2 protein chains.
Amino acid sequence: MPEPEEEARPGRATRVAKLPPRERILDAAEELFHAEGIRGVGVQAVADRAGTTKAALYRHFGTKDALVAQWLLIVAADYVAAFDRVEERWPDEPLAQIRGVAAFVVDTLSTVSHRGCPFINSLAELPDRDHPARQVIETHKARQLARLTAMCAAAGLTDPEDAAAEITFVFEGAQVSVQNGSVDRVGERLVAFVEAVLVRHGA
Amino acid sequence: MPEPEEEARPGRATRVAKLPPRERILDAAEELFHAEGIRGVGVQAVADRAGTTKAALYRHFGTKDALVAQWLLIVAADYVAAFDRVEERWPDEPLAQIRGVAAFVVDTLSTVSHRGCPFINSLAELPDRDHPARQVIETHKARQLARLTAMCAAAGLTDPEDAAAEITFVFEGAQVSVQNGSVDRVGERLVAFVEAVLVRHGA
DNA sequence: CTTGTGTGATACCGATCGGTACCAGCTAGG
DNA sequence: CCTAGCTGGTACCGATCGGTATCACACAAG
């Protein structure tokens, strides 16, 4: 235990150490929003967790809604990075890329534990269609589907749109199922299911 | 227009007419919780919409959390009724039953429009695992999966558990996808996808 | 040294939250 | 007729919400 007083020091950083306040706030937002839900976390709690104050938070983001949008932008960037990684690792092997993406989703299933997908959860918490975070979610989902469709097309699957849509169903369904705990061995089932979709579409 | 002053009369019922207060409150809760999210609706708003008061609401339910649980119990009962209906309509035809359930889910997709599944949304809004509504959700999901598994077994599918889990993935994935609007023609895709699952498992 | 900027801290704002107490009026049962 | 119980209406409680203002202090650049 390298930091015996991590939580003890009163006004000091609960966060790693001395990242700039903006990063600390985003990290804290990531943890708290995902764990407790957007509406379940106050700005004061985020500032406390980041080892800073509400004033600094509002100086950087102006609004809680804007902070939520920034947080989801970062989460979306993680997915983009995952797609980039599989494309870099298996160039000209679209089937391997699709399997790589599926493996990434399986990974997030465990790390995300019982709290599900941030996008799905945020969508449930933000019924207002004009909320700034909604646009982040929608463009992310659209981009992800487009990229998946491109992979399916490159793999020579019959009807790539259908295949990508089905894979998306499986991804979302797996995230939800692991959240509500109704289905066991979700990871294995996801991989097997995606494989079946590929086979059925002519892989 | 039979009721020209439906919204005009101040303290009068916005609800249908003269159902007992408890039913009116549950109806109002159904509408508002689903449309705006649990945490986005105050008890005062529910009471107003039901044409009654907070006092009456707390007299009947004691707690907002209890009201949420009661609401989800009703939603779950709708699903149970749908399963009952298909079993009654196609006795000894498990495949037709499964297709009937899928058709029911497709129906809910449109009625539920862009606000998704109440269970998924509520799960996102209630991170507390001890919340009374969580138990309602979990037992409902478990029962639904068990019933689906039984249908798959009765249909003679190889590995009924796998088939039921996959169908569940498709259901949940479809609900989420229609909510975030990333995929189009969700209903058709759902039906086709379920059919493929049945075929692949030996239907 | 001085100036300027961003920080942490605190106090405060109006609004709304879940929940309670109290009261007047209606209706049903004796 | 009179009592009992449920209703709707309102006022209120403490707590928390998102957001703003103010202030002293640190530190880097001129």
Side-chain angles (χ1 to χ4, degrees), chain A residues 7-29 32-33 36-71 122 125-128 130-133, chain B residues 7-29 32-33 36-71 122 125-128 130-133:
Chain A
E7 294 258 357
R9 211 100 63 78
R12 236 48 193 105
T14 312
R15 308 292 329 138
V16 263
K18 275 298 113 184
L19 284 152
R22 189 169 199 276
E23 264 61 53
R24 279 181 289 157
I25 292 171
L26 282 170
D27 283 355
L32 294 178
F33 284 157
E36 322 256 3
I38 296 170
R39 293 205 259 223
V41 176
V43 270
Q44 181 69 64
V46 176
D48 288 350
R49 180 83 158 186
T52 180
T53 60
K54 281 208 297 177
L57 190 152
Y58 277 98
R59 238 175 269 131
H60 281 287
F61 299 96
T63 290
K64 183 186 182 182
D65 290 341
L67 172 61
V68 173
Q70 287 297 317
W71 160 55
S122 298
E125 290 204 88
L126 306 176
D128 179 11
D130 295 330
H131 193 287
Chain B
E7 292 259 358
R9 211 103 62 78
R12 235 47 193 103
T14 312
R15 304 301 322 144
V16 263
K18 276 296 112 184
L19 284 151
R22 189 169 198 278
E23 267 66 24
R24 280 181 290 158
I25 292 171
L26 282 171
D27 284 355
L32 293 178
F33 285 157
E36 323 255 3
I38 297 170
R39 292 205 259 226
V41 176
V43 271
Q44 180 69 65
V46 176
D48 287 350
R49 180 82 157 188
T52 180
T53 61
K54 282 209 296 178
L57 190 153
Y58 278 98
R59 240 176 267 132
H60 281 287
F61 299 96
T63 291
K64 183 186 182 182
D65 291 340
L67 172 61
V68 173
Q70 286 298 315
W71 160 54
S122 299
E125 291 204 90
L126 306 175
D128 179 11
D130 296 330
H131 193 288

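Just so you know, these numbers come straight off a predicted model, no measurement behind them. Order of the sequence lines fixes the chain letters, A, B, ..., with proteins taken first and strands second; residue numbering starts at 1 for each chain.
- Comparing C:dT10, C:dT7, C:dG19 by their nearest atom to the side chain of A:A55 picks out C:dT10.
- With rounding to whole Å, B:L19 atom CG is found 19 Å from D:dC6 atom P.
- In this structure, A:L67 places its CG atom 10 Å from P of D:dG19, rounding to the nearest Å.
- Atom CH2 of residue A:W71 and atom CD1 of residue A:I38 lie 5.0 Å apart, to the nearest 0.5 angstrom.
- One distance of note links CD1 of B:I25 with NZ of B:K54; it measures 12.5 Å at 0.5 Å rounding.
- We find that CZ of A:F33 is positioned 12 Å from P of D:dC17, with the value rounded to whole Å.
- For C:dT16, neither phosphate oxygen OP1 nor OP2 lies less than 4.0 angstrom from any side-chain nitrogen or oxygen of B:R39.
- With C:dG8, D:dG8, C:dG19 as the choices, the nucleotide that has an atom nearest any side-chain atom of B:T53 turns out to be D:dG8.
- Distance CG/A:L57 to CD/A:Q44: 9.5 Å, rounded to 0.5 Å.
- B:Y58 places its OH atom 17 Å from the P atom of D:dC13, with the value rounded to the nearest Å.
- Whole-Å rounding puts the B:R24 CZ to D:dC6 P distance at 16 Å.
- Across the interface with DNA chain D, nearest-nucleotide mapping of B:R59 and A:G42 shows B:R59 to be the residue nearer the 5′ end.
- For the pair B:R39 (side chain) and B:E125 (backbone), a donor-acceptor distance under 3.5 Å is present.
- Nearest nucleotide to the A:V43 side chain, out of C:dT20, D:dG19, D:dG18: D:dG18.
- If you check every strand for non-hydrogen atoms under 4.0 Å, A:V46 touches nothing.
- Whole-Å rounding puts the A:D48 CG to C:dT7 C1' distance at 16 Å.
- Heavy-atom nearest nucleotides on DNA chain C were determined for A:H60 and for A:K54, and the one closer to the 5' end corresponds to A:H60.
- To the nearest angstrom, C1' of C:dG6 lies 12 Å from CD1 of A:I25.
- Distance check, rounded to the nearest 0.5 Å: CG of B:L26 to CD of B:Q70 gives 7.0 Å.
- Rounded to whole Å, atom P of D:dG18 lies 12 Å from atom CD of A:E125.
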